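Heads up: the structure comes next, in structure tokens.
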Amino acid sequence: MSKYKVYVTDYEYASLAPEEEVFSKMDGVEFIPVQCKTEEEVIELCKDADGLINQYAPITRKVIESLPNLKVISRYGVGVNTIDIDAATENGIIVGNVTDYCMDEVSDHAFALLMACARKVVLLNQEVKNHNWDFKVSVPIYRLRGTVLGLIGLGKIPQALAKKAQAFGIKVVAYDPFVPKEVAEELHVELLELNDLCAQADFISVHAPLIESTVGMISEEQFNVMKKEAFIINTSRGPVIDEKALIAALQQEKIAGAGLDVVEEEPIEKDNPLLTMDNVILNPHVAWYSEEAQLELKRKTAQNVADVLSGYYPTYLFNPNVKEKVKLSNKK
């Protein structure tokens with residue numbers, strides 16, 4: 001009989017081999033993949049879970065309080081917006097994520113979108129394929145060196161992006177009320193208020209997590225102070241930008257364009273005006289992806305659960321206040 005049961009609440013991966021490998025090194029762990037979309041399905045299918053690995057299924061207070069054996073929840077990725085963190089902490093349940101997941105991939109992708117917008121690579125490609133060999137369709141293009149990149153959020157991914165942009169002679173400023181001034185100074189990044197950043201930046205790259213206070217944080221007020229030559233890049237979460245305000249700003253030529261890996265509704269709706277705009281680059285929420293990043297994510301997400309069931313706090317502990325209720329050992 002298994003000592004512990006670990007469920008994957010839902011997943012869209014072709015294989016769970018990395019997770020299985022992690023748990024195969026432990027005695028008495030039964031690894032059970034299911035596919036849940038609702039809290040009722042999680043409660044029904046995972047009712048005897050000691051650990052949950054989660055992708056998109058809602059892990060609400062109701063779910064948490066309905067699983068009596070639950071000890072740990074680990075989410076694929078950095079964000080934990082599918083999990084009621086307060087409910088987990090109150091019930092002595094450890095929550096883990098993978099904070100260093102896809103740092104290179106997302107920062108690379110954000111800079112690729114920045115470059116594509118600045119050099120109008122996608123537009124020119126389309127024109128040439130339509131038999132129009134004429135650089136003038138791209139006018140105006142401006143030199144990158146000496147421009148200003150504004151980072152909304154200054155966590156690990158935008159910190160990596162800052163270094164890449166600085167190598168091209170781009171000045172970097174940031175808005176992040178939670179980052180110490182010393183961290184920004186070490187990166188040679190100037191901290192600004194949000195609207196001051198929007199007014200100064202030639203490129204704005206969004207890296208804020210999706211929480212209640214960040215929904216629609218980039219809206220009409222911010223677009224009204226941006227430069228007409230400015231581009232906005234988003235590789236975080238679509239709802240951080242007020243999409244109606246973005247569309248209006250693009251239609252009214254308040255800004256020059258956008259590079260979006262994420263949108264409010266995914267997949268993007270077929271009648272979304274963004275699809276018709278030549279100055280907008282759209283990708284299908286792919287910035288996170290590389291073969292290496294995917295394997296690393298899956299191993300580390302499973303390891304969070306394995307650590308807790310082995311008596312250790314996980315390396316990636318999201319809710320440290322839970323230590324007041326749960327006494328485990330620190331990993332050496």
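Along the sequence shown, residues are numbered consecutively beginning with 1. It should be emphasised that the depicted structure is a prediction, and the values quoted were computed from it without experimental measurement.
- A donor-acceptor pair is defined here as one N or O able to donate and one able to accept, closer than 3.5 Å; no such pair exists between the side chain of Lys37 and the backbone of Gln35.
- Note: Leu154 CG to Gln159 CD = 5.0 Å, rounded to the nearest 0.5 Å.
- A salt bridge between Glu65 and Arg61 is present, with a side-chain N of the basic residue lying under 4.0 Å from a carboxylate O of the acidic one.
- Judged by distance alone, the side chains of Asn321 and Thr89 never bring a donor and an acceptor atom under 3.5 Å apart.
- Using a distance-only test at 3.5 Å, with no hydrogens or angles considered, no donor-acceptor pair links the side chain of Thr301 to the main chain of Lys298.
- Lys327 NZ: more than 12 foreign heavy atoms inside a 6.0 Å radius.
- At most 12 non-hydrogen atoms from other residues, nucleotides or ligands lie less than 6.0 angstrom from CD of Glu253.
- The distance from the CD1 atom of Ile281 to the SG atom of Cys117 is 4.0 Å, given to the nearest 0.5 Å.
- With 3.5 Å as the limit, one finds no donor-acceptor pair spanning the side chains of Asn97 and Thr99.
- Heavy-atom neighbours of Lys331 NZ from other residues, nucleotides or ligands within 6.0 Å: above the threshold of 12.
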Check your understanding: Are Val326 and Val308 close enough, and set up right, to give a side chain to side chain contact (heavy atoms under 4.5 Å, CB included), and what steps lead you there?
Key -> CA-CA 10 Å; Val326 182; Val308 173; over 6 Å; no
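- Without hydrogens or angle criteria, Asn283 side chain to Val286 main chain gives no donor-acceptor distance under 3.5 Å.
- Closest approach of Ile157 to Cys102, counting heavy atoms only: CD1-O, 4.3 Å.
- Taking the side chain as every heavy atom from C-beta outward, Met226 and Ile218 approach each other to under 4.5 Å.
- Taking 4.5 Å as the limit, some side-chain heavy atom of Asn54 sits within range of a side-chain heavy atom of Asp10.
- No donor-acceptor pair closer than 3.5 Å links the side chain of Asp50 to the backbone N or O of Val6.
- Side-chain atoms of Gln294 never come within 3.5 Å of backbone atoms of Glu291 as a donor-acceptor pair (strictly under, hydrogens ignored).
- Lys71 contributes no side-chain N or O that, together with a main-chain N or O of Ile94, makes up a donor-acceptor pair within less than 3.5 Å.
- Counted by atom type alone, Ser74 and Asn304 present one or more donor-acceptor pairs between their side chains at under 3.5 Å.
- The same ILVMFWY cluster, assembled from side-chain heavy atoms under 4.5 Å apart, contains both Ile83 and Tyr7.
- Two different hydrophobic clusters hold Val95 and Val8 under the rule that ILVMFWY side chains link at heavy-atom gaps under 4.5 Å.
- Under the rule for a side-chain contact (heavy atoms from CB on, under 4.5 Å), the partners of Glu221 that lie at least two apart in sequence or sit in another chain are Asn195.
- Using modelled atom types, one finds no donor on one side chain facing an acceptor on the other under 3.5 Å when comparing Asn272 with Glu265.
- The main-chain N or O of Glu127 is never found under 3.5 Å from a side-chain atom of Asn132 such that the two would form a donor-acceptor pair.
- Scanning both residues, Asp307 and Tyr313, for their nearest heavy atoms gives CB-O, 4.4 Å.
- Screening Asp261, Thr235, Leu260 for a side-chain contact (heavy atoms from CB on, under 4.5 Å) with His285, the sole residue that qualifies is Asp261.
- Side-chain contact annotation: Tyr175 with Asp196, donor-acceptor N/O pair under 3.5 Å absent.
- Linking ILVMFWY residues whenever their side-chain heavy atoms come closer than 4.5 Å, directly or via other members, leaves Met103 and Tyr316 in distinct clusters.
- Heavy-atom minimum distance, Glu12 versus Tyr56: OE2-OH, 3.1 Å.
- For the residue pair Phe318 and Pro320, the shortest heavy atom distance occurs at O-CD, 3.0 Å.
- Note on Lys62 versus Glu40: salt bridge recorded, some NZ/NE/NH1/NH2 to OD/OE distance being below 4.0 Å.
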Review point. When you look at Lys3 and Leu309, which way does the side chain to side chain contact (heavy atoms under 4.5 Å, CB included) test go after all the steps?
Key: CA-CA 10 Å; Lys3 183 178 179 181; Leu309 298 184; over 6 Å; no
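- At distances below 3.5 Å, not a single donor-acceptor pair connects side-chain atoms of Lys171 with backbone N or O atoms of Glu190.
- Heavy-atom contacts from other residues, nucleotides or ligands closer than 6.0 Å to CG of Asp134 number more than 12.
- Summarising the geometry of Glu269 relative to Leu275, their closest heavy-atom pair is O-CD1, 3.4 Å, with the distance given to 0.1 Å.
- Taking CG of Asp86 as the start and CG of Asn91 as the end, the distance is 11.0 Å to the nearest 0.5 Å.
- A donor-acceptor pair under 3.5 Å is formed between the side chain of Ser290 and the backbone N or O of Ala293.
- To the nearest 0.5 Å, atom CZ of residue Arg299 and atom CD of residue Glu19 are 10.0 Å apart.
- Ring orientation note: the planes of Tyr76 and Tyr13 are nearly perpendicular, at an angle over 60° on the 30°/60° scale.
- Taking each heavy atom of Cys36 and Val34 in turn, the nearest pair found is SG-CG2, 3.8 Å.
- Between the Gln166 side chain and the Leu187 main chain, a donor and an acceptor come within less than 3.5 Å of each other.
- Tracing side-chain contacts under 4.5 Å through hydrophobic residues (I, L, V, M, F, W, Y), one never reaches Ile233 starting from Leu282; they form parts of separate clusters.
- Here Ile141 contributes atom CD1 and Lys120 contributes atom NZ; the two are 6.0 Å apart, rounded to the nearest 0.5 Å.
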Check your understanding: Is there a side chain to side chain contact (heavy atoms under 4.5 Å, CB included) between Leu274 and Ile247 once you walk through the steps?
Key -> CA-CA 7 Å; Leu274 294 170; Ile247 290 168; 3.9 Å; yes
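- Cluster annotation: Ile204 and Leu210 are assigned to the same hydrophobic cluster (Ile/Leu/Val/Met/Phe/Trp/Tyr, side-chain heavy-atom contacts under 4.5 Å, transitive).
- In this model, no donor atom of one side chain and acceptor atom of the other lie less than 3.5 Å apart for Lys300 and Tyr101.
- Here the CD atom belonging to Glu264 is positioned 10.0 Å from the CD atom belonging to Glu266, to the nearest 0.5 angstrom.
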Exercise for review: Would you please test Leu161 and Leu114 for side chain to side chain contact (heavy atoms under 4.5 Å, CB included) and show each step?
Suggested key: CA-CA 11 Å; Leu161 175 58; Leu114 185 157; 5.8 Å; no
